[in-house]
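Here the structure comes first, spelled out in structure tokens, and everything after it is commentary.
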Amino acid sequence: MSGVVSFLTRRRGGRFWHWTDIVSWLWLIGGLVVMFGPAIWLVGSSFKTPAQLAEFPPTILPYVSQQATVEGHDKPLTLYRVKLPDGSTKVLAELRRIGTVAQMVDPKAPNDIVKVNIASREPVREIGFATENYTEPFVHFDFLRYLRNSVFVTAMATLITLLTNSMAAFALSKYRFRGRDLTMLLIVGTLMVPLSVILVPLYSVVSAVGLLDSLWGVILPTVATPTGVFLLRQYMLTIPDELLDAARMDNASEWQIYWRIVLPLAAPALAVLAIFSVVWRWNDFLWPLVVLSRKELYTLQVGLNTYAGQLNVQWHYILAMTVVTMIPVVLVFVFLQRYITSGIAGTGLK
Amino acid sequence: MTAAATLKTWTGAALAAPVVWLASIVNVPLKSWQRATGTGGMAAFFLAPNMAIFGIFVLVPLVINFFYSATSGTAYFLQDRTYVGLEQYQRLLDCGSYLDTATCREDLFWKAVHNTGLFVVVQVAMMTIVSIATALILNREIVGRSFWRAVFFFPVLLSPVVTGLIWRWILQRQGLLNLIVHDMGGEPYNWLTDRFWAFTAAVSVSVWAHMGFYTLILLAGLQAIPRDLYEAAEMDGTKPARVFWRITLPLLMPNLLVVIVLALIRAVQIFDEVYVLTGGGPGTSTLYLTQYIYEIGFASLLRNPGLASAASILMGLVLVVLTLLQLQVGRRGERKGARE
């Protein structure tokens, strides 16, 4: 134990703790709470029943009220811990409630009705998870369809991005031809054209080519990412040309050189682009919101926003759906975070 | 090889087989194409798919945006719209006083401009300070640096919709923030219905969501500063504050400028998370430019795509200036790096 403590408090040069060390650790611990706390609160809340979500002050953990079946009643009744006038407490089941008075029975003696003021009782609860928040949206809403749309858009867009961007990057890094520098300039120049600047004309172009209200209308405008071409080109420039020339000597066609030599060698850069593309396309919001107006085509992000924008927000479903929407990104974070952070530190792209 | 490993290899091969087969099929016509056109033709072939998509969905919209902004009507096809010249711009810029949105013809646009301006200034300042502080702390000799770096990076990956919903849930009346306020003896409050708090929430949430990205860039810059400079300073007994102002900050400057300009560019375009969080409200207090463009262009009943397009071009001009600034900054950083 003392080994652990001395390891954690070890300082360069063996000096004592300085006030800046304490500030640093407070900042880090605070950061841990602020960065993960909201997501954990979301997950915890998503397992609460609607009644519990409406409660104030909210509890940290999700609880469910205990119920019991009482002889002579079809439905299970909710149990309450009641403080009786004689000072003793007893667990009773509620039959009905009229104003501030509840009619309750002892589950063991179902014939004696006791009238209780609701101020002198509290529900019997135990920690429990309202998993129906997760199962019901699949039945009652188009949630499954949104999920499928999102998966389709993300997978297709990523595949097409990888293929077209790597082909373009191959041409731009391994061939000398007239207009190459101009093409590169064009691509880099539009690196910074954000969607919001071309929103209206892009909409009219997409509707002119007949892709309005289709998932391909969501996918295609996103796949020619200048960032992807740029990243792959920079990487392919490091592949020695001698390798390609040797393959040409062996009578390999240009397509074979691209497919069997350059692509496998560029695998690390392709992997980084694939991770980025998955996160980007999964998270896209504004463009799908503009292009999709038929409800059955909504992606998760648009669907979530629509449900959350309704007058009567059904938070218990929204929270559970938000958690599901978060899962792929959390998986990427847990397993692939290293690649992303090194990608950003290296190229400054996001 | 174990049975599991064999199975894995075989499944991998089975999945890859159609792709490999397709690639070899494609090779046949491409070979004759190569024979007919030479490598120049092959370059064209490799560029074609990307440039076609790029041309149709980026370049064409970019160009027709200017024509768009010179037309009026509610139709989306250019041929169905009437040419009005610079009228849309005149309409946008028609203001008694640019400081008072009530005197403007398009008061909502100017409201969005003012809101965005204030948001950009406050958010970028906060973002820079928080990211520098975090990067400096992560650059110290701490145990588990990569873990802590990941902690601050986590929200960067979340979708803006998820970010917006998480915080809406925390800031609502029965939310976590009110629980904390309640435990400290205060009264619960509807934070997002208050102008000041809605703005504060928009700024803080966007900083929360993106600071990890900027921290990474700054941390990379800090780690590139040569250690021996610090050792020399330590030997001279230089005070830590002086070390920061005289060594750390000047050498971090190229990265810091890139961070500030990038943050500016992003902040001008702020939309998703704030839209989900506040919907632009209460009233118009968190209505920003992109939401204005979206609503005038598509959502609003009185939609006017020409006006939206004119507004987007004005916003684009600001972004072009900022981008040129970034290129300038980047080049200066490179030259500086070469000199040292």
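Not measured: the values here are computed from a predicted model. Chain identifiers are assigned alphabetically (A, B, ...) following the order of the sequence lines, protein sequences preceding nucleic acid strands; residue numbering begins at 1 within each chain.
Highest contact tally toward chain B, considering only A:Leu300, A:Leu304, A:Val23, A:Thr222, is held by A:Leu304 [criterion: heavy-atom pairs under 4.5 Å]. Of the listed residues A:Thr183, A:Val209, A:Leu220, the one with more heavy-atom pairs under 4.5 angstrom with chain B than any other is A:Leu220. Interface check for chain B: of the options A:Asn283, A:Val332, A:Asn305, the most heavy-atom pairs under 4.5 Å are formed by A:Asn283. The candidate from A:Gly309, A:Gly228, A:Pro221 with the greatest count of non-hydrogen atom pairs under 4.5 Å with chain B is A:Pro221. Comparing A:Ser24, A:Ala169, A:Ala171 by how many heavy-atom pairs each has under 4.5 Å with chain B, the most go to A:Ser24.
Proximity to chain B involves both the backbone and the side chain of A:Phe333, based on heavy atoms less than 4.5 angstrom apart. Contact of A:Ile29 with chain B is made through backbone and side chain together, with heavy-atom distances under 4.5 Å. Looking at A:Leu172, only its side chain comes within 4.5 Å of chain B, counting heavy atoms on both sides. The part of A:Trp315 that comes within reach of chain B is its side chain, from C-beta onward, which places non-hydrogen atoms under 4.5 angstrom from that chain. Neither the backbone nor the side chain of A:Leu163 comes within less than 4.5 Å of any heavy atom of chain B. Of the atoms belonging to B:Thr134, heavy atoms from both backbone and side chain fall under 4.5 Å from chain A.
Between A:Leu289 and B:Phe298, every side-chain heavy-atom pair lies at or beyond the 4.5 Å cut-off. Looking only at side-chain heavy atoms (C-beta outward), B:Phe57 and A:Leu211 come within less than 4.5 Å of each other.
A donor-acceptor pair under 3.5 Å links the side-chain atoms of B:Ser312 to the main chain of A:Val197, judged by distance alone. Using a distance-only test at 3.5 Å, with no hydrogens or angles considered, no donor-acceptor pair links the side chain of A:Gln256 to the main chain of B:Asn27.
A pairwise comparison of heavy atoms in A:Phe177 and B:Leu47 identifies CZ-CD1, 3.4 Å as the closest pair. The two residues A:Ile187 and B:Phe54 make their nearest non-hydrogen contact at CA-CZ, 4.0 Å. Residues A:Ala308 and B:Arg168 come closest through the heavy atom pair O-NH2, 2.8 Å. B:Asn65 and A:Ile198 get closest at one heavy-atom pair: ND2-CA, 4.3 Å. Shortest non-hydrogen contact noted between B:Gly297 and A:Val200 is CA-CG2, 4.5 Å. Of all heavy-atom pairs between B:Tyr294 and A:Leu286, the closest is CD1-CD1, 4.2 Å.
Ring centroids of A:Trp27 and B:Trp148 are separated by 6.0 Å or more, keeping the two rings apart.
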If you look only at distance, which donor and acceptor atoms sit under 3.5 Å apart when one is on a side chain in residues 31-46 of chain A and the other is two or more places apart or in another chain?
residue : atom : partner  : partner atom : Å
A:Ser45 : OG   : A:Trp41  : O            : 2.8
A:Ser45 : OG   : B:Trp169 : NE1          : 2.9
A:Ser46 : OG   : A:Val43  : O            : 2.7
A:Ser46 : OG   : A:Tyr134 : OH           : 2.6

May I have the list of side-chain donor-acceptor pairs in residues 320-328 of chain A shorter than 3.5 Å, sequence neighbours left out?
residue  : atom : partner  : partner atom : Å
A:Thr322 : OG1  : A:Ile318 : O            : 2.6
A:Thr325 : OG1  : A:Met321 : O            : 2.7

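Counting heavy-atom neighbours within 6.0 Å of B:Tyr230 OH, excluding the residue itself, gives a total above 12. A:Arg260 CZ: 12 or fewer foreign heavy atoms inside a 6.0 Å radius.
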Step by step, would you call B:Gln269 with A:Leu195 a side chain to side chain contact (heavy atoms under 4.5 Å, CB included)?
-> CA-CA 9 Å; B:Gln269 306 168 40; A:Leu195 175 65; over 6 Å; no
Steps toward side chain to side chain contact (heavy atoms under 4.5 Å, CB included) verdict (B:Val19, A:Trp259) | CA-CA 11 Å; B:Val19 182; A:Trp259 184 257; 3.7 Å; yes
Full working for side chain to side chain contact (heavy atoms under 4.5 Å, CB included) between A:Trp25 and B:Ile137 | CA-CA 9 Å; A:Trp25 279 102; B:Ile137 287 172; over 6 Å; no
Could you please spell out the steps behind the side chain to side chain contact (heavy atoms under 4.5 Å, CB included) verdict for B:Leu138 and A:Leu28?
-> CA-CA 9 Å; B:Leu138 288 177; A:Leu28 292 177; 4.1 Å; yes
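In this pair, B:Phe46 and A:Phe170 present their aromatic rings perpendicular. The plane angle is above 60°, beyond the 30 to 60° band.
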